[in-house]
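Report on one structure; see the data block that follows.
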Number of protein chains: 2
Amino acid sequence: AARLIDIHKTYQLGEHLVRALRGVSVDFPEGDYVAIMGSSGSGKSTMLNLLGALDRPTDGHYILAGHDVSELDDDQLSEIRNKLIGFIFQSYNLIPQYTVLENIQVPLHYRTHQRTISSSDMNRCLDLAGRVGLAERLDHRPFQLSGGQQQRVAIARALINDPEIILADEPTGNLDSTTEQEIMQLLGELNAEGRTIIMVTHENSVARKAKQQIIMKDGKIAGFGLFSDD
Amino acid sequence: AARLIDIHKTYQLGEHLVRALRGVSVDFPEGDYVAIMGSSGSGKSTMLNLLGALDRPTDGHYILAGHDVSELDDDQLSEIRNKLIGFIFQSYNLIPQYTVLENIQVPLHYRTHQRTISSSDMNRCLDLAGRVGLAERLDHRPFQLSGGQQQRVAIARALINDPEIILADEPTGNLDSTTEQEIMQLLGELNAEGRTIIMVTHENSVARKAKQQIIMKDGKIAGFGLFSDD
Ligand SMILES: Nc1ncnc2c1ncn2[C@@H]1O[C@H](COP(=O)(O)OP(=O)(O)OP(=O)(O)O)[C@@H](O)[C@H]1O
Ligand SMILES: Nc1ncnc2c1ncn2[C@@H]1O[C@H](COP(=O)(O)OP(=O)(O)OP(=O)(O)O)[C@@H](O)[C@H]1O
Ligand SMILES: [Mg+2]
Ligand SMILES: [Mg+2]
């Protein structure tokens, strides 16, 4: 589904260079379920942003669904991204002026083959809102929600287009263990349907639900498997 | 240090009433170290916002450092809050246009008895930035930082005025376990110095560092002590 080949990502900060990724190569076959772990600043979100085609590498190649992303222009990239990928951001990126329902619907407006919201779309919105426990809050806005409720809106929104690839950046960071288990249950079902899930987490309880774990350190893959310290 | 007496907080949402807190009474003596746990939406952040005098209860009394908060006007409240309380927000609330250093310095500008930044202030900024592992990033802005790095700026900022009361809303939600341990170490030292710490967390590994735990459910205190399920 997605393959990174010797990926480098460097940010220029004034005269300072931050080498966020320093040569990352990894293959994610379809149906994979991977947890990316590692210390704060080790490059996890940067890697996920590249996988989500939200950013381009400084060096190296990213093959997404058979296309080399560097050979696609921005429009082609947007189209592929919207069709294939659902992204749960580390800081949610909800639209403050939109209600919960409108936020969940945002990806539906980016579909190239269907511009209107059908009744089956609406049913799917209501169903997902119910799955994340927000059925009663559809007409409220982000500032009226708790941190965990906002996170759950971001999760529902990422899933509305039935994406083949789900990229989740700390999807349960603001959720208590019961709610976390419900979300992990949902992700497990999606993976069982054949979807590819790549999630960043720093919690072993979440990481062990995945099929394999990748550990990042200083912009490189340092190892595989769970941390053994807790 | 802080006492809640039969606190109610109700939000009006159109014709909908959300009763976020439904009769909460609890005393936090000086030097206390309490973890507040409970499911998403149970009222934890609302309680912390009231303790931080960032919001007023719909009913009940809040006694902060001997003053009934309802008898203080907004200016008096601001002054007490800035002098006594350091607040780590669930969504950080960093100022995007300010650098890391400028963000850490924000509370210094609100001091009523000293409007300029002295060299000892500056030393404290550098020291705190070092304590949270951000000494090299002082001139960068939030968008150039990872999620956990942004959280650490919020932590340093909350501590810059040497507050007597530290209110922390999920202070390690975006931190890996090593960085989390460093932050918990720092909070432990501050409590050993006599400061009162009230922190919201949904992680047992964090909650067990506190002296006691309070469990919230549906806007009320449902019990005390750690969750036994993980
Ligand atoms: N400004 C607001 N307007 C309306 N309702 C609100 C507002 N702020 C919070 N609420 C509601 O009050 C309830 C409690 O919210 P609160 O943020 O205290 O929960 P929490 O325990 O911190 O949850 P989480 O663990 O998800 O952060 C929730 O149902 C929330 O939607
Ligand atoms: N837009 C940017 N400009 C400059 N530097 C950046 C930018 N985005 C990220 N960085 C830097 O790149 C490095 C990796 O960041 P990244 O967000 O990938 O870390 P992370 O592993 O997700 O961390 P966390 O666990 O704290 O979220 C960090 O040093 C970060 O400060
Ligand atoms: Mg990150
Ligand atoms: Mg909260």
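Below, read A as the first sequence line, B as the second, and so on, with proteins coming before strands; counting in each chain starts at 1. Computation of the quantities below employed the complete heavy-atom set of this structure, encompassing side-chain atoms and omitting hydrogens, waters and symmetry-equivalent molecules.
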I'd like to check B/Leu13 versus A/Arg137 (side-chain heavy atoms, cut-off strictly below 4.5 Å). Are they in contact? yes
So for atom CZ, which belongs to B/Arg3, do other residues, nucleotides or ligands contribute more than 12 heavy atoms lying within a distance under 6.0 Å? no
Is it the case that the side chain of B/Asp176 and the backbone of A/Ser40 share a donor-acceptor pair, with hydrogens and angles ignored and the cut-off at 3.5 Å? yes
So does A/Tyr110 have more than 12 non-hydrogen atoms from other groups sitting under 6.0 Å from OH? no
Determine the option with the most heavy-atom pairs under 4.5 angstrom with chain B, choosing from A/Leu145, A/Val200, A/Thr179, A/Leu175. A/Leu175
Would you say NE2 of B/His8 has more than 12 non-hydrogen atoms from neighbouring residues, nucleotides or ligands within 6.0 angstrom? yes
Proximal component of B/Glu170, with respect to chain A [non-hydrogen, under 4.5 Å]: side chain
Counting heavy atoms not belonging to B/Lys217, are there more than 12 under 6.0 Å from its NZ? no
Give, as side chain, backbone, both or neither, the part of B/Ser45 having an atom under 4.5 angstrom from any heavy atom of chain A. neither
Kindly compute the distance separating OG (A/Ser91) from CG (B/Asn174), expressed to the nearest 0.5 Å. 8.5 Å
Heavy-atom distance under 4.5 Å to chain B: side chain of A/Glu203, backbone, both or neither? side chain
With a 4.5 angstrom heavy-atom cut-off, is it the side chain or the backbone of A/Val18 that approaches chain B, or both, or neither? side chain
So, do A/Thr172 and B/His202 sit near enough that their side-chain heavy atoms are less than 4.5 Å apart? no
With rounding to the nearest 0.5 angstrom, report the CD to CD distance, B/Gln150 to A/Gln90. 7.5 Å
Atom CD of residue position B/Glu189 - does it have more than 12 heavy atoms of other residues, nucleotides or ligands inside 6.0 Å? yes
Looking at chain B, which one of A/Glu180, A/His140, A/Gln144 has the largest number of heavy-atom pairs inside 4.5 Å, strictly under? A/His140
So which part of A/Arg152 gets closer than 4.5 Å to some heavy atom of chain B, the side chain, the backbone, both or neither? side chain
